[in-house]
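What follows is one structure encoded as structure tokens, with my remarks underneath.
Numbers restart at 1 for each chain; the letters A, B, ... are given by sequence-line order, proteins then strands.
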There are 2 protein chains.
Amino acid sequence: MPPGGLEKITSAEVAKRAGVSQSAVSRVFTPGASASPEMTQRVRRAADELGYRPNILARSLITGRSRIIGLVISYLENNFYPEVLEKLSAALQQRGYHVLVFMAPQSIDNIDHVVQEILDYQVDGIVTASVAMSSDLAMRCRAAGIPVVLFNRAQDDPRLSAVESDNRSGGAALARFLLAGGHSRFGYIAGWEGASTQRDREAGFVDVLAQSGITLHARAVGNFRHDEAAEAARTMFTGPDRPDAVFVANDHMAFAVMDVLRFELGLRIPEDVSVVGFDDVPMAAWPSYNLTTVRQSAEAMVTQTVDILIDHIEQDDSAPRRATVPAPLIQRGSARLPDNGSNPYDT
Amino acid sequence: MPPGGLEKITSAEVAKRAGVSQSAVSRVFTPGASASPEMTQRVRRAADELGYRPNILARSLITGRSRIIGLVISYLENNFYPEVLEKLSAALQQRGYHVLVFMAPQSIDNIDHVVQEILDYQVDGIVTASVAMSSDLAMRCRAAGIPVVLFNRAQDDPRLSAVESDNRSGGAALARFLLAGGHSRFGYIAGWEGASTQRDREAGFVDVLAQSGITLHARAVGNFRHDEAAEAARTMFTGPDRPDAVFVANDHMAFAVMDVLRFELGLRIPEDVSVVGFDDVPMAAWPSYNLTTVRQSAEAMVTQTVDILIDHIEQDDSAPRRATVPAPLIQRGSARLPDNGSNPYDT
DNA sequence: GACCCCATTGCAATCGTATGCACGATTTCC
DNA sequence: GGAAATCGTGCATACGATTGCAATGGGGTC
């Protein structure tokens with residue numbers, strides 16, 4: 001034996017040791033296949049002694065399934081996404097799949113390039129978390145028989161499956177809550193304008209305001225980035241005619257806004273300004289921020305995503321599905337409350 | 001053509017269309033191989049028309065390299081790790097590798113099970129981020145010719161490569177800084193006792209204290225978890241004889257401790273208690289926490305990890321390496337300063 | 001013009017596994 | 001008890017690529 005120890009063990013070697021054919025070994029390790037108890041036992045024994053485990057790649061070559069799911073992801077600095085990654089990976093792992101990670105570059109046109117790379121790995125499915133993909137490329141995936149699920153991002157194309165939370169209702173609930181709290185000058189700090197989440201949250205918010213004949217008092221763009229949100233807050237809240245409530249398009253930016261208001265501008269939250277966010281990342285519950293927000297349940301979204309994805313993989317031709325998970329208002333201390341203290345407006 | 005569009009394209013089909021042999025197609029797509037300019041052109045043209053891209057899995061089967069790196073990871077709620085994942089994935093992507101993620105379960109004995117799964121995918125290398133792996137299994141990887149790099153975790157076995165930051169010096173620097181700041185009753189909130197990072201940070205800290213004849217005034221265990229750290233802080237700081245400075249083994253726990261001190265116990269930081277952490281995650285710089293801490297550079301650690309890993313993969317028999325990246329003190333506002341305001345103690 | 005060298009290309013084997021087919025042995029059923 | 005159905009197993013092939021080997025051909029040298 002060469003120095004370095006044992007080399008790769010193949011099914012043929014196990015077969016030889018067990019005194020059976022290579023096919024028999026394969027059958028023992030293939031769930032649906034038929035093998036007699038004694039055969040199974042002999043093969044397993046030989047396999048254990050040799051430390052044999054089937055080569056997934058070789059298996060994939062012939063079965064056409066790799067048990068790999070490609071995940072395209074981008075904003076890991078927003079705590080919502082690590083949570084998603086963790087839960088998604090764990091859920092898939094439990095069902096025998098694994099996640100191959102692709103970090104999406106900032107520039108949008110490169111996404112297609114990334115998806116190409118994913119396809120090279122013969123993945124069984126793709127999850128794109130909050131990144132755009134050209135319809136053209138989506139169709140190529142479909143053509144190649146590879147299901148795609150859009151996570152936290154809607155798309156006009158009804159042929160694509162998508163999972164998102166109810167961003168519009170969430171935005172609306174926040175508006176109702178702030179109205180009930182007696183606010184009158186509303187600011188909005190937007191995420192990246194190309195995102196459907198951004199669009200829907202804002203739409204829900206301004207629609208409800210409009211029903212009371214109110215328009216946004218101020219609006220700025222934070223692009224879902226911490227530093228840009230801080231900058232947006234500075235310009236929005238400098239000067240006397242500032243909002244008395246601000247909806248920040250996600251929690252990650254809301255933290256930046258709160259810090260600027262408190263530590264740079266000396267404003268009190270919620271006495272001087274109410275701040276609300278969206279996502280309910282764990283940090284939102286920490287006392288330093290204690291942020292009133294809307295819960296986007298990573299758990300529920302991941303469950304839906306996995307269900308849809310596995311369904312598409314294992315059913316030949318299941319129709320595209322879109323799931324919207326509820327997004328309840330989570331009432332904390334960063335926004336003034338309605339007089340009666342409760343909130344009947346989250347519907 | 002069946003409904004659903006084009007099926008998978010193989011090199012043989014490209015060959016037919018270009019009027020050349022299948023080997024020729026392979027050579028055009030294999031970097032080192034020889035092919036005439038006109039051949040290359042014809043093949044590329046045919047490939048583009050058909051939308052052909054080589055099947056990485058099939059290639060892996062014969063070359064023995066999958067260009068997949070297995071990453072075992074666990075504590076994604078600590079912001080340091082998403083940062084690592086992002087940088088690691090990006091760095092590997094740039095060098096033509098991709099990351100297959102394996103979430104490690106809490107129980108330690110299951111880790112080996114996870115690594116087995118990884119091996120099934122014929123990965124070219126493994127990075128284990130802050131999780132233990134039995135020496136036995138590490139040797140099996142070595143035997144299989146699969147390099148392993150321990151990230152943020154040391155191990156006695158000198159045959160394993162490892163990357164970590166200088167935890168000991170970091171802990172020592174914090175002790176010197178707090179001593180210079182005039183503190184006298186030192187608390188320590190530990191991470192998970194099985195972790196080398198925990199051990200080394202504490203050792204550096206208490207060693208320096210010992211040089212001044214001081215021992216820990218209080219000690220509690222937070223297991224690197226936010227909620228457990230909060231609980232530890234409650235017990236440590238309830239009662240009159242509380243520490244006037246506390247070193248929390250990482251930033252993630254330090255945030256919990258600060259919140260408890262301020263919002264539950266009404267203590268001022270740093271006037272009543274100084275708090276220092278370890279990692280310098282982005283949030284540590286946010287005004288709400290403004291945490292004095294030690295920087296553990298994800299950037300530098302990832303660079304080292306990738307260098308070592310690729311080296312092991314591409315050089316047949318490169319010796320195990322261990323890298324320690326510097327861990328400088330980052331002075332912010334959560335700890336009282338030495339009288340002269342500067343800090344000459346970070347050496 | 002004979003020779004050699006090198007670049008280019010095709011043929012065929014190979015990687016490790018799954019699986020259709022054929023065949024023998026066993027069981028089931030009427 | 002014989003036919004049919006069922007089960008277990010091995011043989012051989014296929015998956016989609018890489019690569020050693022040999023054949024071809026063109027160019028350079030004397």
Under 4.0 Å protein heavy-atom contacts per nucleotide of nucleotides 18-28 of chain D, with B for base, S for backbone only and - for none: BBB--------

Selection residues 55-68 of chain B - residue pairs positive for salt bridge (Lys or Arg N to Asp or Glu O under 4.0 Å), sequence neighbours left out: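 Sorted pair list comes back empty.
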
Summary of salt bridge (Lys or Arg N to Asp or Glu O under 4.0 Å) pairs that have at least one residue in residues 81-103 of chain B, sequence neighbours excluded: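 Pairs touching residues 81-103 of chain B that pass the test: B:E83-B:K87, B:R95-B:D307.
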
Proximity to DNA chain D (any heavy atom under 4.0 Å), residues of residues 35-46 of chain A only: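 Of all residues in residues 35-46 of chain A, the ones placing a heavy atom under 4.0 Å from DNA chain D are A:A35, A:S36, A:M39.
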
Identify each atom pair where a protein N or O and an N or O of nucleotides 22-28 of chain C are less than 3.5 Å apart, giving names and distance.
none

More than 12 heavy atoms from other groups under 6.0 Å of CD on A:Q116: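 Correct, the count exceeds 12.
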
Enclosure of A:E314 CD (heavy-atom neighbours >12, cutoff 6.0 Å):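 Yes.
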
Residues in side-chain hydrogen bond (donor to acceptor under 3.5 Å, both in side chains) with [X], at least two apart?
X      : result
A:D120 : B:R53
A:S11  : A:Q22
B:R17  : B:E49
B:R159 : B:D157

Pairs flagged by ring pair (Phe, Tyr, Trp, His ring centres under 6.0 Å) wherever residues 21-76 of chain A is involved - sequence neighbours left out: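 Sorted result for residues 21-76 of chain A: A:F29-A:Y52.
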
State, yes or no, whether a side-chain contact exists between [X] and [Y] at a heavy-atom distance under 4.5 Å.
X      : Y      : value
B:N55  : A:L61  : yes
B:E117 : A:H98  : yes
A:M301 : A:N152 : yes

Short side-chain N/O contact from B:T10 to OP1 or OP2 of D:dG16, under 4.0 Å: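 Result: no.
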
Helical bend (five base pairs per end, nearest 10°) for the helix from C:dG1-D:dC30 to C:dC30-D:dG1: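 Axis-to-axis angle, ends of the helix: 30°.
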
For atom [atom1] of [X] and atom [atom2] of [N], their distance in whole Å:
X     : N      : atom1 : atom2 : result
A:L61 : C:dT14 : CG    : P     : 17 Å
A:L57 : C:dA18 : CG    : P     : 12 Å
A:N55 : C:dA18 : CG    : C1'   : 12 Å
A:R67 : C:dA18 : CZ    : C1'   : 15 Å
B:L50 : D:dG16 : CG    : P     : 14 Å

Sequence-distant partners of B:H312, ring pair (Phe, Tyr, Trp, His ring centres under 6.0 Å), two or more places apart: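 Here no residue qualifies.
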
